[in-house]
Undergrad: 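Dropping the structure in here first, questions after.
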Amino acid sequence: MTASALVRMMDKAMNIGSSRILVTGGAGFLGSHLCDRLIAAGHEVLCLDNFYTGSKRNISHLLAHPRFELIRHDVTFPLYIEADAIYNLACPASPIHYQNDPVQTLKTSVHGAINMLGLAKRLRIPIFQASTSEVYGDPSVHPQKEDYWGNVNPLGIRSCYDEGKRAAETLFFDYHRQHGLNIKVARIFNTYGPRMHPNDGRVVSNFIVQALKGEDITIYGDGSQTRSFCYADDLVEGFIRLMATDDDVTGPVNLGNPGEFTILQLAEKVIELTGTGSTLVRKPLPADDPKQRCPDISLARAKLGWEPTIQLEDGLKRTIIYFDDLLKNG
Ligand code: NAD
Ligand code: UDP
């Protein structure tokens, strides 16, 4: 990226304007942080959610804001509104939640993408897609770069999510090629932080909640599988920068923290930071659980001038404070 393109993109990202921005899945973990960020930047936010996994608690502080509007709606149904840009985040993200109603998960990714792309096409506005590192499946290339096609089981219990997100990417690129739509596709790697659902079964929330309650910490398999954990604020910064790029930047762009940890290392870190007396217990490894995952973020560095700034230990401390308060005060 040239210096002038970087300056132009940063100017756009920092721009205090009054665009009306639709955030689907806006009451979820990441969506609510994005809504905060967009409101702080001076935008009008239309937060759309069907509250499948999201919660009013995540956005309660925004409900009375004059530039914030909540729309209860399911993205699998068409939507007719006016907006200047769309961030499409609606989709359950944790394995427990997306496997609870796999057909609805697939519909949310595919029908949701079709409906939001149709809206973007009618309005001729840019649209961002929250895709995922799951499109790489159980990867045979490490770390994962955007040109890797992935190793996904199309028939397994994770497929409703993985294949749904892959089909959504296909739709985004077909709308781009066929209709000239301005698309921005981000492949998000494991992200954590305040407002994660305490019972969503994801590893960071599980370990912290278990540690704070003094319960056993559940290691699936032998704990040697790896993940790379990005703090929510870092990720949202990546979203904003990607949306601010010139029209020819479509992605897919990996957004994640390249620091790679085994699940056992994560558990030990949580034990150390909470000072818990919890002990580790082994549970069976779920089917199709990827063995290692780590983003190559060269493209994000080059195109967005972006990289994570919050180290795992700092992010965990902030997340522990959130869950501690949640468990004590509800
Ligand atoms: P989340 O479950 O907290 O948020 C998803 C939101 O979408 C919830 O508020 C939910 O109620 C809403 N939703 C679900 N189905 C809907 C539907 N049919 N219509 C309208 N709203 C619907 O999850 P999250 O972690 O905030 O993830 C947000 C997005 O980022 C998802 O698309 C997810 O696939 C993607 N992502 C997240 C991660 C991560 O580590 N958090 C990693 C990769 C990709
Ligand atoms: N995991 C674990 N204990 C838990 C929850 C998850 O060992 O209580 C493991 C899980 O098997 C996976 C990793 O942690 O290998 C990350 O799981 P998560 O559900 O957070 O995300 P994903 O598998 O989608 O990356």
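Atoms within each ligand, like the ligands themselves, are counted from 1 in listed order. The basis for the numbers below is simple: all heavy atoms, side chains too, and nothing from hydrogens, waters or symmetry mates. Here, residue 1 is the first one in the sequence, and each next residue gets the next number.
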Undergrad: Using a heavy-atom cut-off of under 4.0 Å, does the side chain or the backbone of E134 touch ligand 1, or both, or neither?
TA: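 It is neither; nothing of E134 touches ligand 1.
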Undergrad: So which heavy atom in the protein is nearest atom 13 (N) of ligand 1, and how far is it from that ligand atom?
TA: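 The answer is N50 OD1, 3.3 Å.
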Undergrad: Any idea which protein heavy atom is nearest atom 43 (C) of ligand 1, and the distance to it?
TA: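 Going by distance alone, atom 43 (C) of ligand 1 is nearest to I188 O, 3.1 Å.
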Undergrad: Relative to the heavy atoms of G25, which atoms of ligand 1 are at a distance of less than 4.0 Å?
TA: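 Under 4.0 Å from G25, ligand 1 has these atoms: 6 (C), 7 (O), 9 (O), 12 (C).
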Undergrad: So is R195 touching ligand 1 or not, going by heavy atoms under 4.0 Å?
TA: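 No; R195 lies far enough from ligand 1 that no heavy-atom distance drops under 4.0 Å.
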Undergrad: Which protein non-hydrogen atom lies closest to atom 24 (P) of ligand 1, naming both residue and atom, and how far is it?
TA: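 For atom 24 (P) of ligand 1, the nearest protein heavy atom is A93 CB, 3.9 Å.
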Undergrad: So, applying ring-ring contact (aromatic ring centres under 6.0 Å, His included) with Y231, which one of F29, F189, Y192 is it?
TA: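 Of the listed options, the one satisfying the test is Y192.
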Undergrad: Please table the atom pairs, donor to acceptor, closer than 3.5 Å between any side-chain atom in residues 279-288 and protein atoms at least two apart or in another chain.
TA:
from	atom 1	to	atom 2	distance (Å)
T279	OG1	D216	OD1	3.4
D288	OD2	N153	ND2	3.1

Undergrad: I'd like the residue list for ligand 2, meaning every protein residue with a non-hydrogen atom under 4.0 Å from the ligand.
TA: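 Lining ligand 2 at under 4.0 Å, by heavy atoms, one finds P95, E134, R158, N190, G201, R202, V203, N206, F207, T218, I219, Y220, Q225, R227, I263, P286, D289, R293.
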Undergrad: Under 4.0 Å from ligand 1, counting heavy atoms only, is it the side chain of K165, its backbone, both or neither?
TA: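 Under 4.0 Å from ligand 1, K165 contributes side-chain atoms alone.
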Undergrad: Enter the distance from L171:CG to Q178:CD here, rounded to the nearest 0.5 Å.
TA: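 So the CG of L171 and the CD of Q178 are separated by 10.5 Å.
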Undergrad: What's the separation between atom CD1 in I320 and atom CG in D325, rounded to the nearest 0.5 Å?
TA: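 I320 atom CD1 to D325 atom CG measures 13.5 Å (nearest 0.5 Å).
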Undergrad: Would you check whether Y98 reaches within less than 4.0 Å of ligand 1, judged by its heavy atoms?
TA: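 Y98: no contact with ligand 1 (<4.0 Å).
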Undergrad: Is the number of heavy atoms from other residues, nucleotides or ligands within 6.0 Å of CD (E272) greater than 12?
TA: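 Yes.
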Undergrad: Would you mind telling me if ligand 1 is within reach of the side chain of S55, the backbone, both or neither, using heavy atoms under 4.0 Å?
TA: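 Near ligand 1, S55 shows nothing, with every heavy atom at 4.0 Å or more.
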Undergrad: Working to the nearest 0.5 Å, report the span between CG of D174 and OG1 of T170.
TA: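 D174 CG to T170 OG1: 6.5 Å, rounded to 0.5 Å.
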Undergrad: Among protein heavy atoms, which lies nearest atom 40 (O) of ligand 1, and at what distance?
TA: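 Ranked first by proximity to atom 40 (O) of ligand 1 is T191 N, 2.8 Å.
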Undergrad: Any chance the rings of H176 and F172 have centres within less than 6.0 Å?
TA: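 Not under 6.0 Å, so no.
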Undergrad: Considering heavy atoms of the protein only, find what lies nearest to atom 19 (N) of ligand 1 and give residue, atom and distance to 0.1 Å.
TA: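 For atom 19 (N) of ligand 1, the nearest protein heavy atom comes out as V75 N, 2.9 Å.
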Undergrad: Starting from atom 4 (O) of ligand 1, find the nearest protein heavy-atom neighbour and note its residue, name and distance.
TA: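 Scanning the protein heavy atoms, the shortest distance from atom 4 (O) of ligand 1 goes to G28 CA, 3.5 Å.
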Undergrad: Does even one non-hydrogen atom of H73 get within less than 4.0 Å of ligand 1?
TA: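 Under 4.0 Å: yes for H73.
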Undergrad: Nearest protein heavy-atom contact for atom 34 (O) of ligand 1: which residue, which atom, what distance?
TA: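 That would be Y161 OH, 2.6 Å.
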Undergrad: Which word best sums up how the rings of Y161 and Y98 line up, parallel for under 30°, tilted for 30 to 60°, or perpendicular for over 60°?
TA: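 Parallel.
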Undergrad: Please state whether H197 comes within less than 4.0 angstrom of ligand 1, counting heavy atoms only.
TA: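 H197: no contact with ligand 1 (<4.0 Å).
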Undergrad: Does S131 have a heavy atom less than 4.0 Å from any atom of ligand 1?
TA: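 The answer is yes: ligand 1 sits under 4.0 Å from a heavy atom of S131.
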Undergrad: Would you mind running through ligand 1 and noting each atom that sits below 4.0 Å from a heavy atom of A90?
TA: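 Listed by number with element, the hits are 7 (O), 20 (C), 21 (N), 22 (C).
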